[in-house]
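Nothing fancy with the numbering, it's 1 onward along the sequence.
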Amino acid sequence: MKAIRRFTVRPVLPEPLTPLADLARNLRWSWHAETRELFQSVDPDGWQAAGGDPVRLLGAVSAARLAELSGDRRFLRRLAVVTADLDDYVGGGRWYQSHESGAELPAAIAYFSPEFGITAALPQYSGGLGILAGDHLKAASDLGVPLIGVGLLYRHGYFRQSLSRDGWQQEHYPVLDPNELPVSLLRDADGTPARVSLSLPGGRALHAHIWQARVGRVPLLLLDSDVEDNDAPAREVTDRLYGGGSDHRLLQEMLLGIGGVRAVRTYCDLTGHPAPEVFHTNEGHAGFLGLERIRELEGERGLGFDAAVEAVRAGTVFTTHTPVPAGIDRFERSLVARHFGEGGELPGVPVDRILELGAESYPGGDPGVFNMAVMGLRLAQRANGVSTLHGAVSRGMFAGLWPGFDPGDVPITSVTNGVHAPTWVAPEVVRLGIRQIGPGRTEDALSVGGSRRWDAVADIPDQDVWDLRRVLREQLVQEVRDRLRASWLQRGAAEAELGWVDSVLDPDVLTIGFARRVPSYKRLTLMLRDPERLRRLLLDPERPVQIVVAGKAHPADDGGKRLVQELVRFADDPRVRHRIVFLPDYGMAMAQKLYPGCDVWLNNPLRPLEACGTSGMKAALNGCLNLSVLDGWWDEWFEPDFGWAIPTADGVGTDEERRDDLEANALYELIEGRVAPRFYDRAGRTGLPVRWIEMVRRTLVSLGPKVLAGRMVREYVERLYAPAALAHRALTPDAARDLAWWKGRVRAAWPRVGVEHVEALAAAPVNGTAELGATLTLRVQVSLDALTPEDVEVQAVAGRVDAQDVIRDGRAFPLKPSAGPDLEGRWVYEGPLALDRTGPFGYTVRILPSHPLLATPAELGLLAGPSETDTAGPGPGVVLR
């Protein structure tokens, strides 16, 4: 019989046990071993049944057991210690509070993301973007960074994955009851639930409650549209992650961005939390937050639209995660216009100006769409990709917003992602670290980094390393068997036909892991290009290999589902099913077992389409070696000491089939010729694979400090958040108006700004040659129209040139005004140009806008150069040899 109404009955904890409620509601338990162990001791069987979720555990534990624990002195002492540790963690000073920059750091940062992967007990993530956001919050908490997370609370989360009998992916959307999650409603002073509201066309409204999760020191605000005052379509806005059509997605992103800013304001008013000085937009989904802040500044401070844009830009950081235009959210302009036009949201903000912010007004752009990433870049003075290679790809992808600039000058930097070690490092690895270097140093190394602490790993004996690796592999084997049996039962198999599952995988066989989302560019099935060769690898009598695969295809991606089915059907073959498995429903709980238990982590995307690829980082922190295409973070940090690089067939052009064949063959050869022999080489008296163990050790020592989320967040603080906070403070209302007026004046004059004449004076090259170390003196005549030298920067840019005379890795040399203006407004600039490199060499001259409140001279996207005909001596593009 089905219930007509569902609600949650919470247990009443005896007074001595009341701290358990606070411990359960702070998600620090998800990465704090002592807290998890305390909850496990409450009811070991119940802990397992609750999936390691303290909230569910406390909701199911019996009153008799609670009464017993309330009189258990040993348990109460442990409870007191863990509670005091949390209090110290939340209230004590940490890295941020003792930073040498002190008052220059922002009082608070608001961090917006469409998904957050904190723990499997709060399933509000689909993949890498959400896991990265979760790790960002956790690392910020460990470092004491005053972050406020902002997202949406999806009542169905992403989706649960199962397989049909023939291996086709099936999706399930279980309903999540917030009352059964580790979140609580934010309430007004009178006890009523706090909420935010948005205006919709046709006189409708979208209301949302604000749920709060505690991520250590960091509050995470999650907006939920399942509110009684909403009509049915509005209640479904936060139904599921990345679901619905364009209108549904637009409403989600309006609620995240606009509603998110209003939720932050409400939270700060109610709690006294400092207001954010910096707003960090994690991908374009939350880009509308800039529009809400423009509305605030126009209405509350009386700024005009242009001045408000400048004030918003100063304190905004935008992170892009996609290396391909297809990964960006784009909406029809007419849809955006309808929601921001008359009767819609943000009254008083001109809809035509809103549409300009997201317009693809560059060669190759679509004039009919509104691009969320383009708006994000236009409303952020600082932007970054998530690895060095991805930064370069992003500069090329968005170069149209800065016409005339070389991709290297496009103002998009990079901060390489990291992972939160306390979340992803297996307890067994942590215990070995504690035994070797001590508990305090181990915790510090995992959270903050520091190569000297990681260097201590080099002293761990070979036998200890190898014994640990086998224990982790053995645990993975059992986990795989349990999950595989459950999957086959879901697929309709009978228990009696599953005896073979008990022989799946072997804890002494080289184990390769591959787990991620399943878009086509990640090439889930590259390993299947030559099925017979793969079978030989798996069944090799001397050096066998076993592979564990997991991954979800997007529900609307039938191509991805076919890839899953192809892999599943291969793994179902009785000849190889003990050596290769596909595990459905990949998520955080599975990942935390999978990364430590694998010997090798495989990643074979189409280069350069992997923005970062943090799964390999999590594996590396557990002593797993990487076998990957040189893409994302691996392109940046690969060394032969701790892994292998899969060669790429970049020279085959657009022939993707041939490229896949070549790269699959390279993968097979690496496994056959280098990876497997290294693992099974047991020469010497110890019988251990000494060279493999040394690679494990080098992985931990060399990669450990680099791949930490703590390192990543420190970079964000020092390179992006702190400068953004200073820029935000500098943009007072008057300063914002002045900067907007100045930009308008520069843009109006720029069509008449140019380099009219360039000549070399002293040490001019003879016959197109010059000596290394010589210095040219340049004299340049420029037209500035109504501008003055205070408004511009004139530079000579010089460096090696390629066969087409394009300057590569150019260096800028400033030139100074020496005369002017003449009657036509022309100025003369002079300056030295050092010939500091041998080989083909060239230079050019350019003019850029200059203002002390610009983050970069490229900010306006304006650049003026010379006319090819107005040069004397070796001018722009002339090669010196």
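- In this structure, Asp85 pairs ionically with Arg28, as a charged nitrogen and a carboxylate oxygen lie closer than 4.0 Å.
- Partners of Arg431 according to the side-chain contact (heavy atoms from CB on, under 4.5 Å) rule, which considers only residues two or more places apart in sequence or in another chain, are Pro427, Glu428.
- Side-chain polar atoms of Thr281 and Tyr111 form no donor-acceptor pair below 3.5 angstrom.
- Checked against side-chain hydrogen bond (donor to acceptor under 3.5 Å, both in side chains), Arg517 has no partners two or more places apart in sequence or in another chain.
- In summary, Glu718 and Arg714 do not engage in a salt bridge, as defined by a charged side-chain N under 4.0 Å from a carboxylate O.
- In terms of the salt bridge (Lys or Arg N to Asp or Glu O under 4.0 Å) criterion, Asp53 has no residue partners (sequence neighbours excluded).
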Check residues 126-134 and write down every donor-acceptor pair under 3.5 Å in which the side-chain atom is one partner and the other belongs to a residue at least two apart or another chain.
{"from": "Ser126", "atom 1": "OG", "to": "Glu115", "atom 2": "OE1", "distance (Å)": "3.3"}
{"from": "Ser126", "atom 1": "OG", "to": "Glu115", "atom 2": "OE2", "distance (Å)": "3.1"}

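- Taking CZ of Arg483 as the start and NZ of Lys593 as the end, the distance is 9.5 Å to the nearest 0.5 Å.
- For Ala107, the side-chain contact (heavy atoms from CB on, under 4.5 Å) partners at least two apart in sequence or on another chain are Pro274, Glu277.
- Inter-residue side-chain proximity for Leu484 and Phe582 is flagged as unmet; no heavy-atom pair is nearer than 4.5 Å.
- In this structure the side chain of Val548 never reaches within 4.5 angstrom of the side chain of Ile512, judged on heavy atoms.
- Side-chain contact of Trp601 with Ser615: a donor-acceptor pair under 3.5 Å is present, judged by distance alone.
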May I have the step-by-step check of side-chain contact (heavy atoms from CB on, under 4.5 Å) for Ser628 and Trp644, ending in yes or no? CA-CA 7 Å; Ser628 176; Trp644 298 270; over 6 Å; no
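- Contact detail for Ala426 and Leu472: the closest heavy-atom pair is CB-CD2, 3.9 Å.
- For Arg217, there are no salt bridge (Lys or Arg N to Asp or Glu O under 4.0 Å) partners at least two apart in sequence or on another chain.
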Steps toward ring pair (Phe, Tyr, Trp, His ring centres under 6.0 Å) verdict (His32, Tyr89): CA-CA 11 Å; His32 189 247; Tyr89 174 86; 7.8 Å; no
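- Applying the side-chain hydrogen bond (donor to acceptor under 3.5 Å, both in side chains) rule to Thr416 yields the partners Glu636; only residues at least two apart in sequence or on another chain are considered.
- Side-chain atoms of Arg155 and Pro178, non-hydrogen and from C-beta on, do get closer than 4.5 Å to each other.
- Here the side chains of Trp633 and Lys706 are not in contact, with every heavy-atom distance at 4.5 Å or above.
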Decide side-chain contact (heavy atoms from CB on, under 4.5 Å) for Val183 and Arg214; before the verdict, give the C-alpha distance in whole Å, the side-chain angles of both, and the deciding distance to 0.1 Å. CA-CA 8 Å; Val183 295; Arg214 301 296 309 185; over 6 Å; no
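- We find the CG-CG distance between Asp599 and Leu625 to be 7.5 Å, quoted to the nearest 0.5 Å.
- Taking 4.5 Å as the limit, some side-chain heavy atom of Thr322 sits within range of a side-chain heavy atom of Glu283.
- Under the 4.0 Å criterion applied to side-chain N and carboxylate O atoms, Glu180 and Arg56 are not assigned as salt-bridge partners.
- Contacts of Glu34 classified as salt bridge (Lys or Arg N to Asp or Glu O under 4.0 Å), with partners at least two apart in sequence or in another chain: none.
- By the side-chain contact (heavy atoms from CB on, under 4.5 Å) test, Thr413 is found to be paired with Asn384, Arg719, Leu720, residues two or more places apart in sequence or in another chain being considered.
- Here Lys618 contributes atom NZ and Leu594 contributes atom CG; the two are 11.0 Å apart, rounded to the nearest 0.5 Å.
- Here Asp462 pairs with Arg697 in a salt bridge; the nearest charged N to carboxylate O distance falls below 4.0 Å.
- Between Leu223 and Ile210 the shortest heavy-atom distance is CD2-CG1, 3.7 Å.
- The shortest distance between side-chain heavy atoms of Pro114 and Tyr154 falls below 4.5 Å.
- The heavy-atom pair separating Leu176 from Pro123 by the smallest distance is CD1-CG, 3.8 Å.
- Salt bridge Asp142/Arg94: absent, no basic N to carboxylate O contact under 4.0 Å.
- When every heavy atom of Pro219 is checked against every heavy atom of Leu147, the shortest pair comes out as CD-O, 3.4 Å.
- In this structure the side chain of Cys598 reaches within 4.5 angstrom of the side chain of Leu476, judged on heavy atoms.
- Minimum interatomic distance between Asn626 and Ala620 (heavy atoms only, all atoms of both residues): ND2-CB, 3.9 Å.
- Under the 30°/60° scheme for interplanar angles, the aromatic rings of Tyr242 and Tyr158 are found to stand perpendicular.
- Note: Phe279 and Phe112 have tilted aromatic rings, judged against thresholds of 30 and 60 degrees for the angle between ring planes.
- Considering only residues two or more places apart in sequence or on other chains, Pro689 meets the side-chain contact (heavy atoms from CB on, under 4.5 Å) condition with Trp466, Arg682, Trp692, Ile693.
- Residues meeting the side-chain hydrogen bond (donor to acceptor under 3.5 Å, both in side chains) test with Trp29, sequence neighbours left out: none.
- Of all heavy-atom pairs spanning Val150 and Leu256, the tightest one is O-CD1, 3.9 Å.
- In this model, no donor atom of one side chain and acceptor atom of the other lie less than 3.5 Å apart for His390 and Ser414.
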Carefully, step by step, assess Lys552 and Val518 under the rule side-chain contact (heavy atoms from CB on, under 4.5 Å). CA-CA 6 Å; Lys552 290 180 174 180; Val518 190; 5.5 Å; no
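- Between Trp634 and Val629, every side-chain heavy-atom pair lies at or beyond the 4.5 Å cut-off.
- Considering OG of Ser41 and CG of Leu79, their distance stands at 9.5 Å, rounded to 0.5 Å.
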Please table the atom pairs, donor to acceptor, closer than 3.5 Å between any side-chain atom in residues 44-52 and protein atoms at least two apart or in another chain.
none

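- Atom CZ of Arg78 is surrounded by more than 12 heavy atoms from other residues, nucleotides or ligands within 6.0 Å.
- Atom NZ of Lys522 has more than 12 neighbouring heavy atoms from other residues, nucleotides or ligands inside a 6.0 Å radius.
- Atom-to-atom distance recorded for Thr511:OG1 and Gln546:CD is 3.5 Å, nearest 0.5 angstrom.
- For His280 and Tyr721, the side-chain atoms include at least one donor-acceptor pair closer than 3.5 Å.
- Between Trp424 and Tyr595, the ring planes are perpendicular. Angles over 60° get that label, and only those under 30° would be called parallel.
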